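This report concerns only the one structure given below.
No experiment lies behind these values; they were computed from the predicted model shown. Below, chains carry the letters A, B, ... as their sequence lines are ordered, and counting in each starts from 1.
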Protein chains: 2
Amino acid sequence: MATTEILTAERILEVTEEVLRRHGPAKATVVDVARALGVSHGSVYRHFRTKAALREAVTKRWLDRTSAVLDDIVAQDRDPEARLRDWLAALFTAKRRKAGDDPELFATYMVLTGESGEAVGEHIDALTGQLTAIVRSGVDSGAFAAADPAVTARALFQATDRFHDPCHAREWEQPGIEGEFEAVVDLVVRGLRA
Amino acid sequence: MATTEILTAERILEVTEEVLRRHGPAKATVVDVARALGVSHGSVYRHFRTKAALREAVTKRWLDRTSAVLDDIVAQDRDPEARLRDWLAALFTAKRRKAGDDPELFATYMVLTGESGEAVGEHIDALTGQLTAIVRSGVDSGAFAAADPAVTARALFQATDRFHDPCHAREWEQPGIEGEFEAVVDLVVRGLRA
DNA sequence: CAGCTGACAGATATTGAAATCTGTCAGCTG
DNA sequence: CAGCTGACAGATTTCAATATCTGTCAGCTG
């Protein structure tokens with residue numbers, strides 16, 4: 001609000017997220033963002049080269065908040081199978097909540113997925129990295145069998161695609177989805193045991 | 001070509017499939033189909049109540065051809081694990097080939113998936129039915145462990161979603177996809193063993 | 001002079017009028 | 001009279017004119 005405040009990238013991201021939340025990815029313009037900030041749109045371009053870069057930066061911030069929550073589960077000192085199950089359930093819950101609570105931001109995320117933006121790739125790499133850490137700790141403790149933890153982690157991630165990939169978002173509200181999730185998790189966890 | 005030929009539903013389906021293949025789902029009209037048949041479009045409506053019904057019937061025919069091929073694998077007299085692996089690989093290959101060779105018909109199929117048309121649901125039910133048969137024979141022979149073969153079959157189907165769900169079609173041509181497929185199949189097959 | 005503005009060119013989106021399509025049905029035809 | 005036709009109303013799509021947006025940059029301002 002204070003007109004004397006310095007225009008920072010962070011402030012632009014905050015306001016852009018709010019504008020996207022209100023207008024959605026199809027209607028939110030750089031001019032809208034500038035207006036909400038009380039500056040000219042040229043100033044926004046001083047901090048972000050293109051509209052796509054701005055959209056990607058907002059999405060990155062948004063995705064990073066999920067990664068941070070999941071990272072807490074990875075860091076816990078519990079048996080790997082419990083952590084794996086918790087992690088997968090937390091990912092499903094987080095994605096489902098985002099799709100339901102922030103439909104406009106979620107739509108932005110889906111646009112970005114379609115554009116195969118870098119932020120989405122990095123997010124997936126971060127998540128499979130977390131899974132790799134859990135798998136590796138299970139292999140170390142003798143609970144899991146996996147020749148290559150990174151490959152197995154990717155397989156786990158892909159086998160549960162239906163419960164975190166945005167292209168399946170519509171199915172997340174259908175009845176019975178919880179049971180289907182449990183069945184898939186049981187199957188892959190069994191496949192992971194030593 | 002013979003103008004004396006009787007107009008049957010089957011003949012309409014053949015021609016519609018050809019028209020869809022040429023024009024794609026967005027541009028193919030009922031009038032186009034009628035023109036290709038050499039009749040008025042009113043005659044087409046005599047056999048199919050709506051354009052959506054026609055589109056669905058064509059897709060059903062197209063999907064049934066895949067189901068038939070897979071059914072041969074189910075009926076084989078080999079060990080269940082080999083049949084399961086073959087079946088999953090055949091499904092992936094068939095879907096990938098359809099997406100590559102018949103992009104317009106595949107697009108029609110995706111439109112239908114979005115509309116959640118009945119034909120797609122039936123196709124999925126048919127496929128999980130086939131999987132259930134394989135799982136059940138594995139349970140009978142003592143090779144597999146599954147409390148409820150139908151639930152497990154559905155989990156197998158969903159865990160391999162990435163390799164047969166049309167919303168992932170774009171990823172099917174990327175390098176490394178074969179390895180990812182193998183990793184997921186290995187994981188779920190291990191999870192199924194007694 | 002660092003940071004911002006606002007006019008501008010080209011690209012993209014919106015709009016509304018015209019064209020086409022879907023689905024119906026009274027009547028034609030063999 | 002069973003099966004087909006083609007005119008029709010309402011819905012949808014196309015298209016071109018118009019408006020808006022993106023990204024740049026010369027110059028203003030504090």
Side-chain angles (χ1 to χ4, degrees), chain A residues 1-59 104 107-108 110-112 114-115 117-119, chain B residues 1-59 104 107-108 110-112 114-115 117-119:
Chain A
M1 303 295 177
T3 48
T4 50
E5 214 167 290
I6 297 164
L7 183 63
T8 62
E10 180 60 21
R11 176 133 180 69
I12 293 175
L13 289 176
E14 279 168 23
V15 170
T16 305
E17 184 166 328
E18 193 51 39
V19 170
L20 276 171
R21 220 187 295 273
R22 261 194 241 290
H23 297 71
K27 314 222 31 155
T29 71
V30 176
V31 173
D32 289 332
V33 172
R35 195 174 9 249
L37 282 161
V39 300
S40 82
H41 74 282
S43 299
V44 174
Y45 280 99
R46 174 163 297 281
H47 292 84
F48 297 92
R49 247 188 305 246
T50 65
K51 184 186 184 180
L54 175 58
R55 191 167 46 202
E56 185 153 351
V58 170
T59 305
E104 301 294 13
T108 305
M110 287 183 74
V111 168
L112 217 65
E115 287 171 352
E118 214 167 295
Chain B
M1 299 298 176
T3 49
T4 50
E5 216 168 290
I6 297 163
L7 184 63
T8 63
E10 179 61 21
R11 174 131 182 71
I12 293 174
L13 289 176
E14 280 168 21
V15 170
T16 305
E17 183 167 327
E18 193 49 40
V19 170
L20 277 170
R21 220 188 293 275
R22 260 193 243 290
H23 296 71
K27 313 224 34 159
T29 72
V30 176
V31 173
D32 288 333
V33 172
R35 192 172 12 247
L37 281 161
V39 300
S40 83
H41 72 282
S43 300
V44 174
Y45 281 100
R46 173 164 296 281
H47 292 86
F48 296 93
R49 246 186 306 239
T50 65
K51 183 186 185 179
L54 176 57
R55 189 166 48 201
E56 186 154 349
V58 170
T59 306
E104 301 294 10
T108 305
M110 287 184 74
V111 167
L112 217 65
E115 286 170 354
E118 215 168 294

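Around the CD atom of B:E118, the shell of radius 6.0 Å holds no more than 12 heavy atoms that belong to other residues, nucleotides or ligands.
Two residues are said to be in side-chain contact when any heavy atoms from C-beta on lie closer than 4.5 Å; B:L13 and B:L54 meet this criterion. The side-chain heavy atoms of B:R35 and B:D32, taken from C-beta on, include a pair separated by under 4.5 Å. B:L20 has its side chain out of reach of B:E104: every pair of non-hydrogen atoms, C-beta onward, lies at least 4.5 Å apart. A heavy-atom distance below 4.5 Å is found between the side chains of B:T108 and B:T59.
For A:R35 and C:dG6, the CZ to P distance is 13 Å, given to the nearest whole Å. Atom CG of A:D32 is separated from atom C1' of D:dT20 by 11 Å (rounded to the nearest Å). A:L37 places its CG atom 15 Å from the C1' atom of C:dG3, with the value rounded to the nearest Å. To the nearest angstrom, C1' of D:dC4 lies 12 Å from CD1 of B:I12. Regarding A:L54, its CG atom lies at a distance of 10 Å from the P atom of D:dT22, rounded to whole Å. Taking atom NZ on B:K27 and atom C1' on D:dT13, their separation rounds to 10 Å, with Å as the unit.
Atom CZ of B:R22 is separated from atom NZ of B:K27 by 15.5 Å, given to the nearest 0.5 angstrom. Distance check, rounded to the nearest 0.5 Å: CG of B:L7 to CD1 of B:I12 gives 4.0 Å. To the nearest 0.5 angstrom, A:F48 atom CZ is 13.5 Å from A:R55 atom CZ. Annotation: the span from A:E14 atom CD to A:E10 atom CD amounts to 5.0 Å, rounded to 0.5 Å. A distance of 10.0 Å separates OG1 in A:T16 from CZ in A:R11, rounded to the nearest 0.5 Å.
Comparing D:dT5, D:dT24, C:dT22 by their closest approach to the side chain of A:H41 singles out D:dT24.
Side-chain atoms of A:E56 come within 3.5 Å of backbone N or O of A:A119 as a donor-acceptor pair.
Nucleic acid contact class of B:S40 (heavy atoms, under 4.0 Å, all strands): base.
Scanning residues 16-23 of chain A for heavy-atom distances under 4.0 Å to DNA chain D yields an empty list. For residues 43-53 of chain B, proximity to DNA chain D is found at B:S43, B:R46, defined as any non-hydrogen atom under 4.0 angstrom from a strand atom.
Stem regions for DNA chain D, each three or more consecutive Watson-Crick or G-U pairs with both distances under 3.5 Å and listed by first number, read C:1-30 with D:1-30.
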